[in-house]
Structures are given as C-alpha cells and as structure tokens.
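Structure, as structure tokens:
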Amino acid sequence: MTAVPLPDGYSYGPFHDGPDPLAPPADLHDALDEIGRDVMAGSSPRAALEELLRRGTDRTSGLDELTRRLWQRRSQIQRRNNLDGTLQEVQRLLQDALEAERRELFPDPDDDARFREAQLDALPPGTAAAVNELSEYDWRSEQGRENYQKIRDLLGQELMESRFQGMKQALQNAGPEDVERINEMLSDLNDLLSAHARGAEDIQERFDDFMGKHGEYFPENPQNVEELIDALAARSAAAQRMLNSMSAEQRAELAELTQQAFGDPRLAEQLSNLDAQLRAARPGEDWTSSERFRGKNPLGMGEGAQAMADLAELDALAEQLGQSYPGASLDDIDLEALESQLGKDAGVDARRLSELERELRRQGLFERAADGSLRLSPKALRRLGETALSDIVNALRGKSGDRETESAGAAGEPTGASRPWRFGDMQPWDVPRTIRNAVLRSVSVGESAVRLDVEDVEVVETEHRSRAAVALLVDTSWSMVSEGRWLPMKRTALALHQLITTRFRNDALQLITFGRYATSMELPELVGLEGAWEQGTNAHHALLLAGRHLRRHPDAQPVVLMVTDGEPTAHLEPDGEAVFDYPPQPQTLHKTLSEVDRLAKLGASVTVFRLGDDPRLTAFVDVIARRSGGRVVAPDLDGLGAAVVGDYLRTRRR
C-alpha cells in the first residue's frame, strides 16, 4: 500500500507498529463457552484450550487447518516438480550448439571441416562427458560458441544459486572480472570459516572485514560468524538433500558438469571446501535425507535447493503448529515463514490464535491448582454459569423476543408500608408518598412550585424472604457418560449455582455427586470431573449427605433435587463400605427409601429428574415422589436445565 497525502500533512498507510489497533478483539466469550463445554465433557482445561486452538473459531482458522494447508503446499511442491531442470537445459543448449555447428561445417568442402564433423560424431554419449570434451573445441559457428558459453554460465549461476540465494540473478551477465571476484569471495569465506574452527580470538574483526568486502553477496545481513554459518549451512544442507533426491546417474552428471562452471574449475573446488566446513560446523543440519519429486516442471539446481529449503521450512512450521514438544507456545511460530508459505491470511490467523491464548490467560480465566495442573478460575466458572443460566431462562420463557427483567431492589416481599429513603437503599420508590411529601414540604415553606428533594423520597418496605437449603444430587455413574448425559448434567449444575449465587445469595446450595459412593463437591470440582467406569448408583449415600446439609440449615426451606438415569444399585454400610448388586438388593431399596422418609420429616419433598425410560427406574422414582410428597419430571436432555431451575423456583415460591 502506498501512503496517500491528506490535507494538513496527514497521510495513511500500512500499520507496522505492533498489533492492528482496528482489528476486532479476541472473542473470549465464545472461546470460553467452547472450552467450558469440553471441560464439562471430561477434558482437562489445558486439553480443552489446546483443542480450541487446534479447532479455531468461526472467524479464525485453527492450528489443524493451518497444518493441513502446510501439508497441501508440501504435496504440491513434490507433485508438480522434478529436479532435472539443469540437466535438461544443458542438454538442450548442447544439442542446439551441435546442430548449429554441423550446419556451419556442412557446406565447407575442405578436410578440416570433415575432421571437425568427425570430432562431433565421436563425442561421448553422456551430456557431462560431451561438454567436457568440447572444452577445447574451436567453434566455427557463432551460435554454437554462444550456446556453449551459455552452458558454462548456466552451470556457474545454478551452482552459486544452490549455495547463495539470489545469486543467479546477480550473475546473469557475469564477466571474467565477476567470476574472479566470486572466487576471491569464496576463498576469503573458507579462510574465515577455517579461522573460526581454529578458535581465532580476532574472529569478529575478521568477520567485519569480510562483510565490508563481500557483504553484497549476503542479503541476510548476518551480524557475526555464527549467524553467517547458520544461513550458509541451511542452504548448503538443502542443496545436499536435493542431490540425495536425484538418481546416482544424475548426481554423477552434475558433479562432472560443475567442473565447467564459468569455465573455471576453481569454483567447484571452493564450493566443495565450503560444504565440508559447513557440515563440520553444523552437523545437526539435515544432510542425509531425500525427497521424492514426481512432477513434470523441471527445476534447476538453485530452484531445487530452494524447493528443499521450502520443504524443510514447511516441516518446521508443521512442528511449531503441532505444539507437541515440551514448552511449546504459539509464540514459537515463525510468522514471517508462515506468511511466506501460505500467505498473509495465515499469519493473521496465527496472530489471532496467539492473542486469544494470551487474553484467556491474562484475564485470569485459568489458574494453577495445588498439584500444578491448570483449571478454570472462579471468574471463568461465573462466565460459564451466566451462559448456561441465560440459555435456561430463554427456554423457560418459551418464546423469543421477551426482554429480560430483574426485580429491582433487595430480595423481599412488600409489606404495604413505606419508609424514608436511606443511602444505599435499592428498593423501589413509593411514588404517591414521595410526591405527597414534596407537596407538603413546599407549601410549608411558602414555595409556589413543587420541587422534589431527597428528603421527600420514601421507598417500599419489604420483609426478608425465606432462605432455602438446596441439595442438588447428580448421578455420575458410567451410564451418564455413555448415554451422553454428562454435559447436560454439568450445565444444569452450573446454571443452578449461578442463579443461587447471583439472585438468591442467602440460599445454601450443596452439590452432591453419586456413583458407587456419594461426595459433596464444589462447583470447580464438578465442572472438571471426568467420567470413570464405576458400577453402582448409590442414591442412599447421596440422600444421606443431603439430609446432613439440610440439618445444618434448620431455618431454611429444604429443597432436594435429584438427577439420575438408574435405579439404586448400591448402599452404604455402617462401616462406610459401599455394597453393590444388580438387580438391586431389597436392603438397598429399603435404605434408600428410609433416607427419603427422613428427608420428608425435615419438610423436604424430593423432586426426581428421571433420564431414560427404564421401567424399574420409573417405578422406583414414583415411589420416592409419593413417599416424600415430591414429584417426578422426565425431561429430554436439552430441557434438563430448564426443568431443574424451574422446579427450584417453583418449590422456593411455594
């Protein structure tokens, strides 16, 4: 983009100083919903975050999609190209040169012309051998001479391009002076690397002198010998992998041809020495692998080396995007290389993913547990709870378009009386009394107009609503996982917890899970709970814990809500051991119903949310409802949260 001048000296152009200030912010709300869904389905927070980054968002490609595009790009390079471009071009130039020479010799009747024709006919069949044989040949044809020189120049250009990127263009019209300068640069470079290998103390000074003399050949602009070696070794290793990918015959042909590069055998010798020093300095580079090219587009030596470098870069990017190595971070991704291979949109996606990861951590949505593991923070759980509750509230409304309403002021019921407003009061105004006060005050002081003053305000007096002690019992047996009920169960607990902690803060909520045993859990534990293979549905133990919770709050209205998909198959013995049997033992059923009766004596009716249509379960939960004065609700999975929250509100109002 070209900057365009505007009035008063202003201009606009591309933004380069940090992130784009006009770019849309990372959508943390949707991202957290997806992470929360995975966590509640049994993934760890770290795995859920990694899965989100792999999957991406609605407007950002994930790591998996970027990796797929990398492999597609890699496959295209191999499917479209082959590595014999230099050999093919040399063969074409040689054939044209020989045909031009024969045309020039044919009309000449003298013996010298016939001798020359015999020389051409006796050339070896191999391209490299024929080129070497013609090194001393005195060409009669001007086109033949030019083509033969083109072969030498091409070999020199390709040989240098395979080791120094961009050199081919710089040597398009190279003359003897240019060739001599290149030989001088290679000689100085080999001397510099030799001094570095010996551990010369003045190596930086030597490097500075070298770059001052030959810096034009190194667009990478290295700052020291190590950076210079890194750049050269990567290119040299790519050239070696290109040779490894050729057939033995092709390698032999090229090795012989390179002796004719620019007509100066010193060039090949210098490069051979350079390759040996680089290999010794960077043995960790990939010098031995090969690739299979099966396309029809011929690549020269320089293009082939670049293709091998591109493949290596694609492999490195795929490893960075895979994030499977210890200490992996999205900051490791080489954005410049990614944009070079896949385009600027890929760099934008990678930056967005990195920003999303940083923002999720920066805003405190994750925290370290005592054991060092990553878990959702209370802030993240509140956000998940808000989403779950919002979905349930919308479901309870039964129709879209209604405006959400909240009761103004403190929780309470109007008594019919009013009182003067005090600082901090949130109750609604008693408008008639407030206006009456303003009128009486204005008349008493002789004012002609009625003006409202803060001392005139009266608010509706309310009395404190009754507290509720709520026990939510959720089945965590394996059938809840295998039947796809795990996530709806957790979202239901989240929504109820959010409702109580934000709207009914005086209520006491206890979350109780029950499989073979029952356990009282805090919300973070339940959200992160993983499904496990465990036989037993110990409703007896769960009801027992619910009773303990209700007894700790004798002044509160008792509310017991049970979510289950199986009849009781386990009970707790006095020694704390859980006994499992299927079909259920009479003792298991007796102990379970005994706890239901104890809850009924505390004034608690049990509402059972039955998931599934098992006849034995249906019959048993009906008994629980009759014995406790409660009821049975059989919602589908999508309606479970609305059913539980709705029943809690109904019971509380009652």
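In this structure, Y148 and L93 have side chains that are not in contact, with every pair of non-hydrogen atoms separated by 4.5 Å or more. Proximity of Q240 to M308: side-chain heavy atoms (C-beta onward) are nowhere separated by under 4.5 Å. Side chains of L192 and I203 form a contact here, defined as non-hydrogen atoms less than 4.5 Å apart. Contact annotation: the side chain of F262 approaches that of D153 to within less than 4.5 Å [non-hydrogen atoms, C-beta and beyond]. Residues M185 and M160 have side chains in contact (heavy-atom distance under 4.5 Å, counting atoms from C-beta outward). Put simply, the side chain of L87 does not reach to within 4.5 Å of the side chain of M246, judged on heavy atoms. For the pair Q270 and I182, the minimum side-chain heavy-atom distance is 4.5 Å or more. Between Q250 and L83 there is no side-chain heavy-atom pair separated by less than 4.5 Å.
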Please test R92 against E89 for salt bridge (Lys or Arg N to Asp or Glu O under 4.0 Å), starting from the C-alpha separation and ending with a verdict. CA-CA 5 Å; R92 185 188 68 79; E89 183 65 11; 2.6 Å; yes
In sequence, state the C-alpha distance, the side-chain angles, and the governing distance for N244 and T288, and then conclude on side-chain hydrogen bond (donor to acceptor under 3.5 Å, both in side chains). CA-CA 7 Å; N244 298 343; T288 58; 6.0 Å; no
List the steps, then state whether side-chain hydrogen bond (donor to acceptor under 3.5 Å, both in side chains) holds for Q204 with N224. CA-CA 7 Å; Q204 185 62 40; N224 51 55; 5.4 Å; no
side-chain contact (heavy atoms from CB on, under 4.5 Å), that's the test. Do H196 and E226 meet it? Break it down for me. CA-CA 9 Å; H196 175 266; E226 295 295 338; 2.8 Å; yes
Checking D331 against R358 for the side-chain contact (heavy atoms from CB on, under 4.5 Å) test, could you report, in this order, the C-alpha distance in whole Å, the side-chain angles of both residues, the deciding distance, and whether it holds? CA-CA 10 Å; D331 292 334; R358 282 196 301 271; 3.4 Å; yes
Set out, in order, the CA-CA distance, both residues' side-chain angles and the distance that settles side-chain contact (heavy atoms from CB on, under 4.5 Å) for N147 and I151, then state yes or no. CA-CA 6 Å; N147 272 22; I151 290 175; 5.8 Å; no
Show the numbers, then the answer: is there a side-chain contact (heavy atoms from CB on, under 4.5 Å) between I333 and L353? CA-CA 11 Å; I333 299 174; L353 291 175; over 6 Å; no
Does the pair Q95 and E99 meet the rule for a side-chain hydrogen bond (donor to acceptor under 3.5 Å, both in side chains), with working shown? CA-CA 6 Å; Q95 186 66 28; E99 290 176 359; 3.2 Å; yes
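Ionic pairing of E65 and R68 is present here: one or more N-O contacts between side-chain nitrogen and carboxylate oxygen are shorter than 4.0 angstrom. Here K150 does not pair with D96 in a salt bridge; the nearest charged N to carboxylate O distance is not below 4.0 Å. Under the 4.0 Å criterion applied to side-chain N and carboxylate O atoms, D138 and R116 are assigned as salt-bridge partners. Under 4.0 Å is where a charged nitrogen must lie from a carboxylate oxygen, and between R206 and D191 no such pair does. Remark: E313 does not engage R73 in a salt bridge, criterion side-chain N to carboxylate O under 4.0 Å. We find that E51 and R54 are joined by a salt bridge, their nearest charged nitrogen and carboxylate oxygen being less than 4.0 Å apart. Using a cutoff of 4.0 Å between basic side-chain nitrogens and carboxylate oxygens, E184 and R266 are not scored as salt-bridged. Salt bridge absent: D121 and R114 never bring a charged side-chain N and a carboxylate O closer than 4.0 Å.
Taking all atoms of both residues into account, the shortest heavy-atom contact from G347 to L335 is O-CD2, 4.3 Å. Shortest non-hydrogen contact noted between L98 and W139 is CD2-CH2, 4.3 Å. Considering every non-hydrogen atom in both A238 and A305, the closest pair reads CB-O, 3.5 Å. Of all the heavy atoms in L311 and E291, the pair that sits closest is CD1-CG, 3.6 Å. Smallest separation of non-hydrogen atoms from A318 and L70: N-CD1, 3.6 Å. Residues D286 and A237 share a closest heavy-atom pair of O-CB, 3.5 Å.
Screening R74, R69, Q72 for a side-chain contact (heavy atoms from CB on, under 4.5 Å) with L314, the sole residue that qualifies is R74. L317 pairs in a side-chain contact (heavy atoms from CB on, under 4.5 Å) with only one of the listed residues (L342, D334, T67), which is D334.
Put simply, the side chain of N190 gets close to the backbone of L186: a donor and an acceptor are under 3.5 Å apart. Checked by atom type and distance alone, the side chain of E158 pairs as donor or acceptor with a backbone atom of G302 at under 3.5 Å. The backbone N or O of A346 sits nowhere less than 3.5 Å from a side-chain atom of E339 that would complete a donor-acceptor pair. Under a 3.5 Å cut-off, the side chain of T258 and the backbone N or O of L254 do form a donor-acceptor pair.
For E201, the CD atom sits in a loose shell: 12 or fewer heavy atoms of surrounding residues, nucleotides or ligands are nearer than 6.0 Å. Annotation: D111, atom CG; neighbour count of heavy atoms from other residues, nucleotides and ligands within 6.0 Å does not exceed 12. Within a 6.0 Å sphere centred on CZ of R292, other residues, nucleotides and ligands contribute 12 heavy atoms or fewer. Around atom OH of Y325, more than 12 heavy atoms belonging to other residues, nucleotides or ligands sit under 6.0 Å away.
Residues passing the side chain to side chain donor-acceptor pair (under 3.5 Å) test with D310 are Q306, Q341, sequence neighbours excluded. The side chain to side chain donor-acceptor pair (under 3.5 Å) test applied to E133 returns no partner, not counting sequence neighbours. Here D178 pairs with A174, R181 under the side-chain contact (heavy atoms from CB on, under 4.5 Å) rule; sequence neighbours left out.
The OG atom of S290 sits 12.5 Å away from atom CE of M242, with the distance rounded to the nearest 0.5 Å. Here CG of L154 is found 9.5 Å from CE of M301. Values are rounded to the nearest 0.5 Å. The structure places CG of L120 at 10.5 Å from CZ of F115, a figure rounded to the nearest 0.5 Å.
Note on ring orientation: taking the six-membered ring where Trp is involved, the planes of H214 and F210 are tilted (angle from 30° to 60°). Between F218 and F164, the ring planes are perpendicular. Angles over 60° get that label, and only those under 30° would be called parallel.
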